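All remarks here apply to the structure that follows.
Being a predicted model, the structure only gives us computed values, none of them experimental. In each ligand, atom 1 is the first atom listed, and ligand 1 is the first ligand listed. Scope of the values below: all heavy atoms of this structure, side chains included, with no hydrogens, waters or symmetry mates.
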Amino acid sequence: MMMNQDSLALIKQSIKTIPDYPTPGIMFRDVTSLLENADAYKATIAILVAHYQSKGFTKVVGTEARGFLFGAPLALELGVGFVPVRKPGKLPRETISQTYELEYGKDTLEIHTDAINANDKVLVIDDLLATGGTIEATVKLIRQLGGEVSHAAFVISLPEIGGEKRLQGMGIKVLSLCEFDGE
Ligand SMILES: O=P(O)(O)OC[C@H]1O[C@H](OP(=O)(O)OP(=O)(O)O)[C@H](O)[C@@H]1O
Ligand SMILES: Nc1ncnc2[nH]cnc12
């Protein structure tokens with residue numbers, strides 16, 4: 001088993017940066033290059049499992065689309081159910097919605113109303129934390145259904161954008177496996 005520091009270095013190194021994608025000035029941190037590297041992907045899930053196992057979580061919630069890639073294997077390893085939060089019109093049963101601000105304009109996320117209940121202790125996961133808008137909306141959906149949520153995990157955090165402070169302000173403890181600044 002690799003040491004944690006080696007794993008964290010492997011994870012960070014496996015993430016490619018694409019300048020000026022999708023728009024000029026954005027440094028895009030591409031998690032697909034991590035997924036292509038079996039050792040890095042395995043190390044990512046192993047670190048998350050070690051951190052969150054035996055903490056009493058009853059569900060893992062992941063946000064469309066890239067949150068599914070980490071949330072589903074983590075839920076399997078923790079032995080709990082996985083609940084997807086999706087973009088509008090994708091979930092077939094009764095849902096509730098939450099609209100949130102993007103850098104330009106608004107977007108909406110939905111969750112099945114029967115997927116979370118008042119006995120659930122929920123771990124939220126996504127690939128990347130930028131403004132925190134996606135996860136703020138996700139946390140509101142879970143809390144609206146009576147679920148307890150106080151932890152969110154990310155593979156990548158962009159601390160300059162301020163999402164961590166925003167989530168901390170909602171009572172969420174944040175774990176991120178690697179950080180990137182503007183370079
Ligand atoms: O912290 P925030 O400012 O909310 O940004 C982070 C979110 O943005 C990206 O998803 P995107 O909305 O591009 O959707 P996708 O995963 O379906 O590509 C990323 O995967 C996070 O979910
Ligand atoms: N810089 C970035 N790289 C990848 N995904 C993002 N989502 C928001 N900002 C991003």
For D126, counting its heavy atoms only, list the atoms of ligand 1 lying under 4.0 Å from any of them. 20 (O), 21 (C), 22 (O)

Taking the side chain as every heavy atom from C-beta outward, state whether K87 and T108 have any pair of such atoms under 4.5 Å apart. no

For T134 and ligand 1, does the shortest N/O to N/O distance drop below 3.5 Å? yes

May I have the step-by-step check of side-chain hydrogen bond (donor to acceptor under 3.5 Å, both in side chains) for E179 and S157, ending in yes or no? CA-CA 5 Å; E179 296 189 344; S157 169; 4.7 Å; no

For atom 18 (O) of ligand 1, which candidate among E164, R86, R66 provides the closest heavy atom? R66

Name each N or O atom in ligand 2 that is under 3.5 Å from a protein N or O, and give the partner atom and the distance.
{"residue": "ligand 2", "atom": "1 (N)", "partner": "M27", "partner atom": "O", "Å": "2.9"}
{"residue": "ligand 2", "atom": "3 (N)", "partner": "R29", "partner atom": "N", "Å": "2.9"}
{"residue": "ligand 2", "atom": "5 (N)", "partner": "R66", "partner atom": "NH1", "Å": "3.4"}

Which of the numbered atoms in ligand 1 are under 4.0 angstrom from any heavy atom belonging to D127? 19 (C), 20 (O), 21 (C)

Under 3.5 Å, N or O to N or O, is L129 touching ligand 1 that way? no

How does the hydrophobic cluster around L102 look, that is, which other residues are in it when side-chain heavy atoms under 4.5 Å mark a link? V61, V83, V85, I96, Y100, L109, I111, I116, V122, V124, L129, I135, V139, L141, I142, L145, V149, F154, L167, M170, I172, V174

Need the ligand 1 atom indices (1-based, order shown) with element for anything under 4.0 Å from a heavy-atom of G132. 1 (O), 2 (P), 3 (O)

Is the shortest heavy-atom distance from the side chain of L48 to the side chain of L175 under 4.5 Å? yes

Is the number of heavy atoms from other residues, nucleotides or ligands within 6.0 Å of NZ (K55) greater than 12? yes

Considering heavy atoms of the protein only, find what lies nearest to atom 16 (O) of ligand 1 and give residue, atom and distance to 0.1 Å. A65 N, 3.0 Å

With a 4.5 Å heavy-atom cut-off, do D107 and T99 have their side chains touching? no

Polar atom proximity, A130 to ligand 1 (N or O, under 3.5 Å): yes

Is the closest N or O pair between L128 and ligand 1 shorter than 3.5 Å? no

Can you tell if the side chain of Y41 reaches within under 4.5 Å of the side chain of E36, non-hydrogen atoms only? no

Looking only at N/O atoms, are K87 and ligand 1 under 3.5 Å apart anywhere? yes

Show your working on side chain to side chain contact (heavy atoms under 4.5 Å, CB included) between I47 and L8 and close with a plain yes or no. CA-CA 9 Å; I47 289 175; L8 291 170; 3.7 Å; yes

In this structure, would F180 and I26 fall into the same cluster of hydrophobic residues linked by side-chain contacts under 4.5 Å? no

Under 4.0 Å from any heavy atom of T131, which atoms of ligand 1 are there? 1 (O), 2 (P), 3 (O), 4 (O)

Is the positively charged end of K16 above the ring of F28, judged by distance under 6.0 angstrom from the centroid and angle within 45° of the axis? no

Do the side chains of R93 and D114 get close enough for a salt bridge, i.e. N-O under 4.0 angstrom? yes

